[in-house]
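Reviewing the structure listed below.
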Amino acid sequence: MKLQVLMFYQDDPKKCTAAKMVKFGLAQNIKKIGTKGLVLDPFSKNTLMPKDKSSINSIVGIDCSWNLADQAFSKKFNGIKRKLPPLLAGNPVNYAKLNKLTTVEALAASLFILGQKEQGLELLEKFKWGHTFYELNQNLFDEYLKLENEEQIELILKDYGLL
């Protein structure tokens, strides 16, 4: 799966996971989003489902500060917008906080949900805490991989005590 990042350059460049992915050739830094790009948008009404894989040609992470996310996502982007189902952050800054993911965590999560596990693990390998994100959410990823509709998410979250 082709991975892309639209960077707003709002975070510390030394801690920017998107910049590191671009540096290692794991994602492409873009200026414009194509119509078949899956845009990870935490404010989207629709949740990413495994069936979305058939209508996209890339996954786009919007790299911005969480403190400025509402501004960044108020812009009009092309593409197919989806939010991720609830996940726990594995990064040191927001460890175990629900949905406070870095760009690499969001892209890796998308890959897991879309059935691209090896590529997701390859992304996370570049970060010393990457395995933590996967381990925290491994069971959820297994469940989300089977999703057919949004209603199932609530049942999963109740099973895991996250609701």
Side chains of [X] and [Y]: does their closest heavy-atom pair fall under 4.5 Å?
X	Y	value
Phe133	Leu101	yes
Met49	Ile153	yes
Leu87	Tyr144	yes
Met7	Cys16	yes
Glu105	Trp129	yes
Asn46	Glu150	yes

Interatomic distance, [X] atom [atom1] to [Y] atom [atom2] [nearest 0.5 angstrom]:
X	Y	atom1	atom2	answer
Leu26	Leu107	CG	CG	10.0 Å
Lys126	Lys23	NZ	NZ	10.0 Å
Leu88	Lys97	CG	NZ	12.5 Å
Gln138	Lys117	CD	NZ	6.0 Å
Leu40	Lys83	CG	NZ	13.0 Å
Ser55	Leu38	OG	CG	8.0 Å

Worksheet item: With under 30° as parallel and over 60° as perpendicular, where do the rings of Tyr134 and Phe112 fit, or are they tilted in between?
Response: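 Correct class here is tilted.
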Please check if the side chain of [X] supplies one atom and the backbone of [Y] the other of a donor-acceptor pair under 3.5 Å.
X	Y	result
Asn149	Gln152	yes
Thr103	Ala18	no
Asn137	Leu140	no
Trp66	Thr102	no

Would [X] end up clustered with [Y] when hydrophobic side chains under 4.5 Å apart are linked, directly or stepwise?
X	Y	result
Met1	Val60	no
Leu6	Ile56	no
Val5	Phe127	yes
Leu162	Leu136	no
Ile156	Leu145	no

Practice prompt. Could you check Phe73 against Phe8 for ring pair (Phe, Tyr, Trp, His ring centres under 6.0 Å), going step by step and ending with a plain yes or no?
Written response: CA-CA 11 Å; Phe73 286 98; Phe8 280 79; 7.8 Å; no
Item to complete: Among Ile113, Leu147, Ile59, Ile80, find the one that has a side-chain contact (heavy atoms from CB on, under 4.5 Å) with Leu48.
Response: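 Between Leu48 and the candidates, side-chain contact (heavy atoms from CB on, under 4.5 Å) is satisfied uniquely by Ile113.
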Practice prompt. Evaluate side chain to side chain contact (heavy atoms under 4.5 Å, CB included) for Asn91 paired with Thr17, printing each intermediate quantity in order.
Written response: CA-CA 10 Å; Asn91 67 78; Thr17 63; over 6 Å; no
Practice prompt. Using a cut-off of 6.0 Å, state whether more than 12 heavy atoms not belonging to Lys53 lie near its atom NZ.
Written response: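 Yes.
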Worksheet item: Does OH belonging to Tyr95 count more than 12 external heavy atoms closer than 6.0 Å?
Response: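 Counting other residues, nucleotides and ligands, OH of Tyr95 stays at 12 neighbours or fewer.
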Fill in: Heavy-atom pair with the smallest gap, counting every atom of Tyr160 and Asn139
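In terms of heavy atoms, the two residues are closest at OH-CB, 3.2 Å.
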Item to complete: Taking all non-hydrogen atoms of both residues into account, name the closest pair between Asn99 and Pro85 and its distance.
Response: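 Answer, listing the atom of Asn99 first, then Pro85: OD1-O, 4.0 Å.
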Discussion item. Working note: Asp41 + Ile62, criterion side chain to side chain contact (heavy atoms under 4.5 Å, CB included); need CA distance, chi angles, decisive distance, verdict.
Written reply: CA-CA 8 Å; Asp41 179 346; Ile62 308 294; over 6 Å; no
